[in-house]
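Heads up, the thing below is written out as C-alpha cells.
Quick note: residue numbers are just sequence positions, from 1. This structure is a prediction, so every number in the text was calculated from the model and none was measured.
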Amino acid sequence: MKNKKWDLVALASIPLIMTLGNSMLIPILPLISRELHVSSFKVSMLITVYAIVAILLIPIAGYLSDRFGRKKVIIPSLIIAAVGGAISAIAAWLTVDMTAYWIILGGRLLQGIGAAGAFPIVIPLVGDMFDQEEEVSKGLGIIETSNTLGKVISPILGAALGIALWYLPFISIPVLCMISLVLVIFLVQTPSKTPSNVSLKKFLSGTKDVLKEKGRWLYAIFAVGCICMFILFGVLFYLSETLESKYKLDGILKGLVLAIPLAVLCLSSYIGGKVIGQNKNKMKWIGFGGMALITICLIITGFSSQIVFVISLFSLCGAGIGIALPCMDALLTEGIEKEQRGTITSLYSSTRFIGVSLGPPIVSLLENVNHWILFGIMAALAGIGGVLILIAVKPSAENA
C-alpha cells in the first residue's frame with residue numbers, strides 16, 4: 001500500500017470535495033431560505049436535486065468506467081461538477097429571489113451530474129489498485145474516512161464562509177473541484193487493465209445475471225447504504241433548522257455543534273476500516289452492531305427534544321453509521337468480480353444518494369408534525385437495515 005500512498009491521497013480528495021460541495025450547504029440552508037425568500041421545503045431541494053440526478057446517472061458512469069477506464073470518467077466528471085458549482089455561484093451573486101433560486105437549482109443539477117461520475121467511481125478504482133483483500137479494506141476505509149471527514153469540516157466551513165458572504169460556499173465549490181482534478185491527473189496511476197468492449201446489451205444482461213445470482217445480499221447492502229444516508233442527512237437538516245429557529249444558534253458556533261456527531265462518525269469510520277480487515281464474517285456482525293446502535297439511539301431520541309440530549313444521542317448514532325458503512329463497502333467491493341465492480345458499486349452509490357435526496361425534504365415535512373413520529377420512523381428504518389444484514393448477508397464461498 002505504501003507505493004500507492006499518493007494515489008490514495010488524490011482519490012481521497014474526491015469524496016472529501018464532493019462531500020464539502022453538498023454538505024457545506026446544510027448549515028446555511030436557513031440563511032439561503034431567507035436571502036432568496038423561499039420555503040424550508042424548497043431550499044431543501046438544493047440538496048435533493050443534486051442527489052436525484054446522481055441517482056439516475058451513477059449506473060451509467062459505472063458502465064462507462066468499466067468500458068473506458070475509471071480515470072477517463074472521473075476527470076471530465078470533476079470538470080462538470082466545477083462548471084455546475086460556478087453557475088450556482090454566479091446566479092447567487094448576480095440575481096435575486098426566485099430567479100436566483102431556479103438558476104442555482106440548475107447549477108446544482110449540473111453539479112450532481114459531475115458527482116455521479118466522480119466519487120462513486122473511486123470505490124471500484126481502489127478495488128482495482130490492490131490484489132490483497134486486506135489492502136482493499138484499508139484503502140476503502142481511507143476513502144470512507146475522507147468522505148466522513150468532509151462531513152465534519154463542511155458545517156464549520158460552510159457556516160464560516162456564510163458569515164462572510166452567504167453565497168461564498170457556492171463560490172468555493174468550483175475551486176475545490178479544480179484542486180481535486182489536478183491531484184487526480186498528476187498523482188493517480190491507474191492499474192493496467194484492458195478496457196471492456198462489452199456492448200450495452202451484454203452489459204445489461206450481465207448486470208441482470210449478477211443481481212439474480214447475488215441479489216439477496218446485494219439488495220440488503222444497497223438498502224443499508226440508503227438508510228444510513230437518509231438518517232444522516234435527515235438528522236443534519238433537523239439539527240440545522242432546530243439550532244437556528246429554536247435556539248437562535250448560527251454561524252461558526254452552529255457549525256461546530258453540527259460537527260460533533262460527524263466527528264464521531266469520522267473516527268468510527270476510520271477505526272471500522274482498520275478493524276474489519278478481510279474477515280467478511282466480522283464485517284457482517286460489526287455492520288449489524290452499527291445498525292442496532294443507530295436504532296436504539298433514535299428510539300431514545302424520540303422521548304425528548306432537549307438539545308444536549310439530542311446531540312449526545314446523534315453522536316452515538318454517528319458512531320453506528322461510521323462503523324456500518326465501511327463494512328458494507330468492503331463486503332460489496334470484495335464480493336464482486338473486478339469486471340463488474342464498477343457497475344455494482346455504482347448501483348450501491350445510487351441507492352446511497354436516494355437516502356441523501358429523501359432525508360432533508362421528508363424531515364422538513366415531518367419535523368413540525370410530531371417529534372416521536374419523526375424519530376420513530378427513522379428508528380424503524382434503521383431496525384429494518386439491521387434485520388436485512390442479519391438475514392440476507394451470509395458471508396460464504398458463494399458471495400465472497
**OP:** Would you mind reporting whether Leu374 and Val363 have side-chain heavy atoms less than 4.5 Å apart?
**Re:** yes

Subject >> Residue pair Ile185, Ile75: steps toward the side-chain contact (heavy atoms from CB on, under 4.5 Å) verdict >> reply: CA-CA 7 Å; Ile185 290 173; Ile75 288 173; 3.8 Å; yes

Original post:
Do Leu46 and Ile90 sit in the same hydrophobic cluster, where Ile, Leu, Val, Met, Phe, Trp and Tyr count as joined when their side-chain heavy atoms come under 4.5 Å apart?
Top reply: yes

Original post:
Does Ile377 share a hydrophobic cluster with Leu365, counting links as ILVMFWY side-chain heavy atoms below 4.5 Å and allowing steps through other members?
Top reply: yes

Subject >> Sub-4.5 Å side-chain heavy-atom contact between His37 and Tyr101 >> reply: no

Original post:
How long is the span from the CG atom in Leu332 to the OG atom in Ser349, to the nearest 0.5 Å?
Top reply: 8.5 Å

Subject >> Least distance between heavy atoms, Thr48 atom then Ser357 atom >> reply: OG1-O, 2.8 Å

Please tabulate, for side-chain N and O atoms in residues 291-311, each donor-acceptor pair with protein atoms closer than 3.5 Å (sequence neighbours left out).
| residue | atom | partner | partner atom | Å |
| --- | --- | --- | --- | --- |
| Thr295 | OG1 | Met291 | O | 2.8 |
| Thr295 | OG1 | Gly383 | N | 3.0 |
| Thr301 | OG1 | Cys297 | O | 2.7 |
| Ser304 | OG | Gln306 | N | 3.1 |
| Gln306 | OE1 | Val308 | N | 3.2 |
| Gln306 | OE1 | Phe309 | N | 3.1 |

Original post:
Distance from Met229 atom CE to Leu358 atom CG, nearest 0.5 Å?
Top reply: 12.0 Å

Original post:
Which heavy atom in Pro360 sits nearest to a heavy atom in Ile47, and how many Å separate them?
Top reply: CG-CG2, 4.0 Å

Original post:
What distance separates Leu29 CG from Ser40 OG, expressed to the nearest 0.5 Å?
Top reply: 8.0 Å

Subject >> is_close_aromatic(Phe353, Phe233), centroid dist under 6.0 Å >> reply: no

Please table the atom pairs, donor to acceptor, closer than 3.5 Å between any side-chain atom in residues 317-330 and protein atoms at least two apart or in another chain.
| residue | atom | partner | partner atom | Å |
| --- | --- | --- | --- | --- |
| Asp329 | OD1 | Tyr348 | OH | 2.9 |
| Asp329 | OD1 | Arg352 | NH1 | 3.4 |

Original post:
Where is the tightest heavy-atom contact between Ser88 and Phe170, given as atom of each residue plus distance?
Top reply: CB-CD2, 3.8 Å

**OP:** Mind listing the closest non-hydrogen atom pair of Glu241 and Pro30 along with its distance?
**Re:** OE2-CG, 3.7 Å

Original post:
Can you tell me if Thr351 uses its side chain to pair, donor with acceptor, with the backbone of Phe222 under 3.5 Å?
Top reply: yes

Original post:
Out of curiosity, Leu56 CG to Ser350 OG, how far, rounded to the nearest 0.5 Å?
Top reply: 8.0 Å

Subject >> Exam field: side chain Ser240 to backbone Ile26, donor-acceptor pair closer than 3.5 Å >> reply: yes

Original post:
Do side-chain atoms of Ser33 reach the backbone of Val38 as a donor and acceptor pair under 3.5 angstrom?
Top reply: yes

Subject >> Validation row: Leu262, Leu236 side chains within 4.5 angstrom (heavy atoms) >> reply: yes

**OP:** Apply side-chain contact (heavy atoms from CB on, under 4.5 Å) to the pair Ile74 and Val188, showing each step before the final yes or no.
**Re:** CA-CA 11 Å; Ile74 289 173; Val188 175; over 6 Å; no

**OP:** Following the transitive rule for hydrophobic clusters with a side-chain heavy-atom cut-off under 4.5 Å over Ile, Leu, Val, Met, Phe, Trp and Tyr, establish whether Val96 and Val43 coincide in one cluster.
**Re:** no

Original post:
Below 4.5 Å, heavy atoms only, C-beta onward: do Tyr167 and Ile104 meet side chain to side chain?
Top reply: no

**OP:** Following the transitive rule for hydrophobic clusters with a side-chain heavy-atom cut-off under 4.5 Å over Ile, Leu, Val, Met, Phe, Trp and Tyr, establish whether Phe237 and Leu256 coincide in one cluster.
**Re:** no

Original post:
Can Ile163 be reached from Leu161 by stepping across I, L, V, M, F, W or Y side chains whose heavy atoms are under 4.5 Å apart?
Top reply: no

For a quick test of your reading: what N or O donor-acceptor pairs under 3.5 Å do the side chains of residues 10-17 make, sequence neighbours left out?
| residue | atom | partner | partner atom | Å |
| --- | --- | --- | --- | --- |
| Ser13 | OG | Ala10 | O | 2.5 |
| Ser13 | OG | Ser180 | OG | 2.9 |

**OP:** For Ser364 and Pro361, indicate whether the former's side chain and the latter's backbone hold a donor-acceptor pair under 3.5 Å.
**Re:** yes

Original post:
How far does CG of Leu31 sit from CD of Glu244, to the nearest 0.5 angstrom?
Top reply: 7.0 Å

Subject >> Donor-acceptor contact below 3.5 Å, side chain Arg70 vs main chain Val126 >> reply: no

Original post:
Is the number of heavy atoms from other residues, nucleotides or ligands within 6.0 Å of NZ (Lys42) greater than 12?
Top reply: no

**OP:** Identify the two heavy atoms, one from Leu331 and one from Lys284, that lie closest to each other, and give their separation to 0.1 Å.
**Re:** CD1-N, 4.3 Å

Subject >> Side chain proximity check, Leu347 to Ile58, heavy atoms < 4.5 angstrom >> reply: no

Original post:
Is the closest side-chain heavy-atom distance between Asn147 and Ile143 below 4.5 Å?
Top reply: no

**OP:** Apply the test side-chain contact (heavy atoms from CB on, under 4.5 Å) to residues Ile60 and Leu57: give CA-CA distance (whole Å), side-chain angles for both, the deciding distance (0.1 Å), then the verdict.
**Re:** CA-CA 5 Å; Ile60 297 173; Leu57 295 180; 4.0 Å; yes

**OP:** Enter the distance from Leu157:CG to Leu168:CG here, rounded to the nearest 0.5 Å.
**Re:** 8.5 Å

Subject >> Gly85 versus Gln111, closest heavy-atom pair with distance >> reply: CA-OE1, 4.1 Å

Subject >> Whether Tyr238 and Phe375 hold their rings parallel, tilted or perpendicular, with breakpoints at 30° and 60° >> reply: perpendicular

Original post:
Are the side chain of Lys254 and the backbone of Pro27 linked by a donor-acceptor contact shorter than 3.5 Å?
Top reply: yes

Subject >> Side chain proximity check, Ile153 to Leu20, heavy atoms < 4.5 angstrom >> reply: yes

**OP:** Apply the test side-chain contact (heavy atoms from CB on, under 4.5 Å) to residues Asn22 and Arg108: give CA-CA distance (whole Å), side-chain angles for both, the deciding distance (0.1 Å), then the verdict.
**Re:** CA-CA 9 Å; Asn22 201 29; Arg108 290 288 292 165; 2.4 Å; yes

